[in-house]
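Since the structure comes first, as structure tokens, the remarks are kept for the end.
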Amino acid sequence: MIQASSLKILLTMLSIIHWGIISQAQEKTGNHESNDWYVRLIPEAGFHFPVHQVKDHIAIRQNINALYDDQLGSMLQASTIGLSSGCKAELANDRFKSGISLGLRYTSYKTRISGSVAASSDFLYLRYGQGENETKYARIRSLSERNDYIGLPVEIRYSLLHYQDFRFTVRIGMEIGISRTFQENEIDFHNKDMKPNAAEVLQSVIVPTKALNTNTYALLGAEYGKQGKTGLAFEVFLPGNFSSNNHFVLSEGRSFYGMKFSVIVPITEIK
Amino acid sequence: MKNSILIIFTVFLVFSLNSCQKSDDFALSETIFIHDPYFPGLPIYSEWGYNTFGAYIDRKPFVSTQSELPAKVLVNSDTVHLILKGRMNGQAVELRFSIKGYAPVDYFDLVSLNQDTINLKETGRALKLKISNQTYDLNIIEGELIFNKVQKLFVDEEPSKSIISGYFRFKTFFEDEPIAVSHGRFDLGIGYDNFYNY
């Protein structure tokens, strides 16, 4: 059991070490005095890769997720990628080695399902109608959807390490969904004569989804640039989490990975 | 020279289209065996035309295989025969249901069996079990064959085949001993390649 006196000594030593690190940081802040608040403008762009699986209601004839002996070499591919761009304003202070930012971000997610019933073919069978006495399949090359969102990212940054012109950072954030600005589902038929039936086939696929995309995330990254000058940053998601698993028609999943590139532009000093 | 190139191109195109067509048909005839987690060894019950069947014969799974055509429908005079071909304990086994008084002209007519339950004990019903090369006429104690769903299959809005899906179970005497065939299920595509009317 740790003695109270030993704990006091340990806490005192940690405080001295922490004060020492802060002092060193203050000597390296360059143009800014240690207690100056300043604003940085951060335009950014990035990629999101949601971790997901095809929703159960997508009635593709072969259940590729189940175990069965497949002698024809059939396969199913599903992919989702998100492209984002935005701009944030960050209120930063080098004494605290941190900043808080608010901005706007536009993200476009594209999901695509494709595959083949056999190694020598390029289509899947999608069931789109089932009445009392009939079942309808369509041969499809792919199903795709696109969803675009506007969100409000709120982030807190902390600089872990400062080495010459590099700063290694950790950032936690939340993107509050404001609006879904675009939603579209498309189907590519193997038989072009089926195009007039696209609406009927898509009707079997489309389900209600959440209109707003809110997510939380953490980022680990690095900034490069002289203090008070324009710099660059690269960050990696650790991963992020969607607020629900019902954002997309074709797939579902709660987490995502990705990366972000930013330009850091110091704007003003607030004394 | 031009004519030769045109002929070669046409032959190539015909072969390409034919190979695509064969791939289409065969993919629908393929057996898709998804294991039932609640009944080890048996396929799930489905209504997709997965070309599977399975049942326990005194707890031994009798199931369809990848290599053999799992079912044939034969219509002769006024009797329809549903033949299930599979394996049990590594042996080739065939189960034949014969139903007198029903004679569909083609495989699309099978939809008239939708939601029908056939009492296997009634007159005009017969079952045969063939194990390896030995055929046995079964004396049914009780049992039923249920056509839960029989439907026409359309692919790209064109009629393709009929899908017959359902259950079966029965008790019978086999080599002077009563046996039970239980938890039987089938999901079969019946089309040009496995429907015979003669």
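Residue numbers begin at 1 in each chain, while the letters A, B, ... track the order of the sequences.
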- Part of A:Y128 lying under 4.5 Å from any heavy atom of chain B: side chain
- Between A:N197 and chain B, which part of the residue has a heavy atom less than 4.5 Å away: side chain, backbone, both or neither? side chain
- Keeping the roles fixed (side chain from B:N148, backbone from B:S165), state whether a donor-acceptor pair exists under 3.5 Å. no
- Message: Tell me whether A:R141 contacts the main-chain N or O of A:L124 through its side chain, where contact means a donor paired with an acceptor under 3.5 Å.
- Response: no
Mind checking whether [X] and [Y] have parallel, tilted or perpendicular rings, split at 30° and 60°?
X: A:F256; Y: A:H48; result: parallel
X: A:Y137; Y: A:Y125; result: tilted
X: B:H183; Y: B:Y56; result: perpendicular

- Name the member of A:R127, A:E132, A:K136 that forms the most heavy-atom pairs with chain B at distances under 4.5 Å. A:R127
- Message: Which atoms of B:V111 are under 4.5 Å from chain A, going by heavy atoms: the side chain, the backbone, both sets, or neither?
- Response: both
- Task: Give, as side chain, backbone, both or neither, the part of B:D156 having an atom under 4.5 angstrom from any heavy atom of chain A.
- Result: both
